[in-house]
Amino acid sequence: MRTNPAPLHPGPRPLSNSAIGYSNLKNSSINQQNLFIKDGRINMATAPRNSPIYTVSIRHIRSFLSVCRYKSFTRAAVDLHVSQPALTMAIRQLEDMVGASLFDRTTRNVTLTPEASDFLPIAEKIVGDFDIAIQDIRATAHQRRRRVAIASVYSIATKVLPDIVKDMADRNPDIHVRVRDGNSSDVRRRVRQNEVDFGVGSKEREDAELEFTPLFRDQLGLLARHDHPLAQTGGPVRWAELAGWDFIGLSVDTATAPLLEQIPNLPESIRLPRYEVSTNSTLWAMIETGLGVTTTPALSAPKPESSLRFCQLVEPTVWRDVSIIKRRGRILPPASIEIIRLIKTALRAAAKGHLIEPADEIA
């Protein structure tokens with residue numbers, strides 16, 4: 001004897017202002033004035049804050065689609081790897097949220113109600129878009145694990161990073177590294193604008209967007225051509241001895257300029273330099289011509305075979321502090337963390353007496 005179709009619920013529930021509706025349910029009994037979804041997208045602006053729309057999950061929609069596909073709660077439960085009571089509960093919750101019965105169930109089969117038929121293409125689009133979005137995120141994350149972007153001051157970019165990047169490339173053939181060198185102001189700007197994963201540079205002041213982790217400090221010293229009288233002393237040079245010599249200074253947006261401003265009784269030839277440049281490459285090129293002398297951090301000291309000489313500057317001793325810079329709250333990818341570890345290792349190896357001090361060794 002055939003039984004009358006027994007809906008999962010006694011009948012369609014009346015819709016309230018908090019019910020979920022769909023814009024293309026043209027022929028259904030759902031009140032079109034209560035729609036919060038248009039063209040397959042949830043319109044959060046028109047949904048009340050206490051609306052059940054905030055409790056709908058992909059799990060509910062996947063449950064709905066599986067029952068539609070198999071026309072069977074038993075087979076759908078197997079497909080979803082859940083128990084049949086759990087699947088039934090998920091469908092009942094979804095029906096509560098939309099305010100309508102979605103399936104008519106008999107002892108032999110399950111059929112879609114008109115509301116379910118109208119909802120089906122939208123549900124397929126929602127789940128399809130969600131799955132594509134997850135795949136895109138995974139692909140992007142996979143690519144990001146193999147790409148590193150760094151902004152760095154000149155000394156780190158030229159003295160430390162080349163060997164590190166070579167080592168990383170040898171161990172990870174698929175890695176891509178992008179280095180942007182510049183002064184500390186450039187480094188902070190690139191990190192702030194999210195152009196790089198992290199930066200290596202000096203801290204000017206507290207910054208609400210940036211996080212600074214001390215990396216090392218090094219002393220400022222004299223940089224001059226090998227035949228300059230100050231470079232031939234073979235020992236430390238006092239700041240006062242720079243008086244009267246042509247000085248090539250760096251522009252105020254570099255880390256060195258603010259340090260010089262803090263030195264008391266600084267010779268006028270340094271306070272008002274005859275020449276001023278904004279990049280280290282230009283600075284060094286001018287020093288090589290014998291145009292004048294300058295100051296440079298100890299990490300930037302030239303190699304012994306160079307035509308330039310580095311001398312310690314004393315009375316007073318001036319330190320440059322360098323930090324790892326990243327955006328607050330940003331989680332660095334594994335490759336960036338590894339490069340930072342290698343930078344710290346290289347700095348410990350490069351420490352020259354008391355001229356360069358890694359942050360973890362500063363008393």
Side-chain angles (χ1 to χ4, degrees), residues 148-168 177 179-192 196-207 210-223 236 250 253-263 279-280 283-284 294-304 308 310-314 316-328 330 332 335-363:
V148 182
I150 310 166
S152 174
V153 291
Y154 179 82
S155 54
I156 290 288
T158 59
K159 301 294 184 178
V160 178
L161 284 180
D163 289 338
I164 289 177
V165 173
K166 176 65 165 58
D167 179 60
M168 289 284 289
V177 180
V179 178
R180 296 290 182 264
D181 62 307
N183 58 44
S184 288
S185 178
D186 293 330
V187 171
R188 293 190 298 269
R189 175 184 58 80
R190 290 184 184 277
V191 176
R192 191 179 296 109
V196 295
D197 295 315
F198 71 94
V200 183
S202 295
K203 176 181 179 180
E204 182 180 24
R205 63 178 67 91
E206 290 297 330
D207 192 309
L210 302 180
E211 179 180 303
F212 297 86
T213 303
L215 181 62
F216 74 99
R217 69 175 188 171
D218 57 351
Q219 290 186 25
L220 287 190
L222 172 72
L223 184 67
L250 284 168
D253 60 351
T254 62
T256 303
L259 294 177
L260 297 181
E261 294 175 356
Q262 299 173 19
I263 301 175
T279 64
N280 279 278
L283 177 67
W284 282 52
T294 192
T295 59
T296 194
L299 186 62
S300 297
K303 295 180 179 180
L308 303 181
F310 176 87
C311 301
Q312 183 181 8
L313 280 169
V314 295
T317 297
V318 180
W319 293 92
R320 172 188 68 156
D321 294 294
V322 178
S323 299
I324 295 295
I325 308 171
K326 70 182 188 72
R327 287 182 62 85
R328 291 190 183 277
R330 176 160 189 172
L332 296 179
S336 293
I337 295 174
E338 174 64 8
I339 287 181
I340 291 174
R341 185 189 69 79
L342 293 174
I343 289 175
K344 291 179 179 179
T345 300
L347 288 171
R348 284 192 289 269
K352 303 173 182 178
H354 297 293
L355 296 180
I356 302 175
E357 296 183 356
D360 54 6
E361 296 180 9
I362 297 175

Novice: With a 4.5 Å cut-off on side-chain heavy atoms, are Leu347 and Ile156 touching?
Specialist: yes
Novice: Which heavy-atom pair separates Val318 from Ile263 by the least distance, and what is that distance?
Specialist: CG2-CD1, 3.6 Å
Novice: Is Val322 close to Ser202 at the side-chain level, that is, under 4.5 Å between some pair of heavy atoms?
Specialist: yes
Novice: Heavy atoms only: give me the nearest Ala151-Val187 pair and the separation to one decimal.
Specialist: O-CG1, 3.7 Å
Novice: Hey, which of Leu222, Thr317, Val314 is the one that makes side-chain contact (heavy atoms from CB on, under 4.5 Å) with Pro236?
Specialist: Val314
Novice: Hey, could you give me the CG/CG distance between Asn183 and Leu250, rounded to the nearest 0.5 Å?
Specialist: 8.5 Å
Novice: Would a distance-only check, ignoring hydrogens and angles, find a side-chain to backbone donor-acceptor pair under 3.5 Å from Arg327 to Leu210?
Specialist: no
Novice: Look at Arg328 together with Asp207 and state whether they make a salt bridge at an N to O cut-off of under 4.0 Å.
Specialist: no
Novice: Checking the side chain of Asp181 only, and the main-chain atoms of Ser152 only, is there a donor and an acceptor separated by less than 3.5 Å?
Specialist: no
Novice: Report the residues that fulfil side chain to side chain contact (heavy atoms under 4.5 Å, CB included) with Pro214, sequence neighbours left out, ordered by chain and then residue number.
Specialist: Ala359
Novice: For the OG atom of Ser185 and the CZ atom of Arg190, what is their distance to the nearest 0.5 Å?
Specialist: 11.0 Å
Novice: Identify every side-chain donor-acceptor pair in residues 161-168 under 3.5 Å, counting partners at least two apart or on other chains, and give the distances.
Specialist:
| from | atom 1 | to | atom 2 | distance (Å) |
| --- | --- | --- | --- | --- |
| Lys166 | NZ | Asp170 | OD1 | 3.3 |
| Lys166 | NZ | Asp170 | OD2 | 2.8 |
| Asp167 | OD2 | Arg171 | NE | 3.2 |
| Asp167 | OD2 | Arg171 | NH2 | 3.1 |

Novice: With side chain to side chain contact (heavy atoms under 4.5 Å, CB included) as the test, would you mind laying out the steps for Leu260 and Leu220 before giving the verdict?
Specialist: CA-CA 10 Å; Leu260 297 181; Leu220 287 190; 4.2 Å; yes
Novice: Counting only heavy atoms not in Lys344 (residues, nucleotides, ligands), do more than 12 fall under 6.0 Å from its NZ?
Specialist: no
Novice: Would you check if Phe198 and Ile150 make a side-chain contact, meaning some heavy-atom pair closer than 4.5 Å?
Specialist: yes
Novice: On a heavy-atom basis, which atom in Arg188 and which in Ile325 lie closest, and how many Å separate them?
Specialist: CG-CD1, 4.0 Å
Novice: Can you tell me how far the CD1 atom of Ile356 sits from the CD atom of Gln219, to the nearest 0.5 Å?
Specialist: 9.5 Å
Novice: Any idea which heavy atoms bring Pro358 and Phe216 closest together, and the distance?
Specialist: CA-CB, 3.8 Å
Novice: The test is side chain to side chain contact (heavy atoms under 4.5 Å, CB included); show your working for Asp321 and Lys203 and say whether it passes.
Specialist: CA-CA 8 Å; Asp321 294 294; Lys203 176 181 179 180; over 6 Å; no
Novice: From Tyr154 OH over to Asp186 CG, what is the distance, rounded to the nearest 0.5 angstrom?
Specialist: 15.0 Å
Novice: Please find the pair of heavy atoms, one from Lys326 and one from Arg330, that lie closest to each other, and give the distance.
Specialist: NZ-O, 2.8 Å
Novice: So do Ile340 and Leu332 actually touch side chain to side chain, heavy atoms under 4.5 Å?
Specialist: yes
Novice: Nearest 0.5 Å, what's the CG-OG1 distance between Leu299 and Thr158?
Specialist: 7.5 Å
Novice: Is the shortest side-chain heavy-atom distance between Pro302 and Leu223 below 4.5 Å?
Specialist: yes
Novice: I'd like to know if Asp218 pairs up with Arg320 as an ion pair, taking the criterion as any Lys NZ or Arg NE/NH1/NH2 lying under 4.0 Å from an Asp or Glu carboxylate oxygen.
Specialist: yes
Novice: If I take atom CD from residue Glu338 and atom CG from residue Leu342, how far apart are they, to the nearest 0.5 angstrom?
Specialist: 4.5 Å
Novice: Considering non-hydrogen atoms only, spot the tightest contact between Trp284 and Ser300 and give its length.
Specialist: CH2-O, 2.8 Å
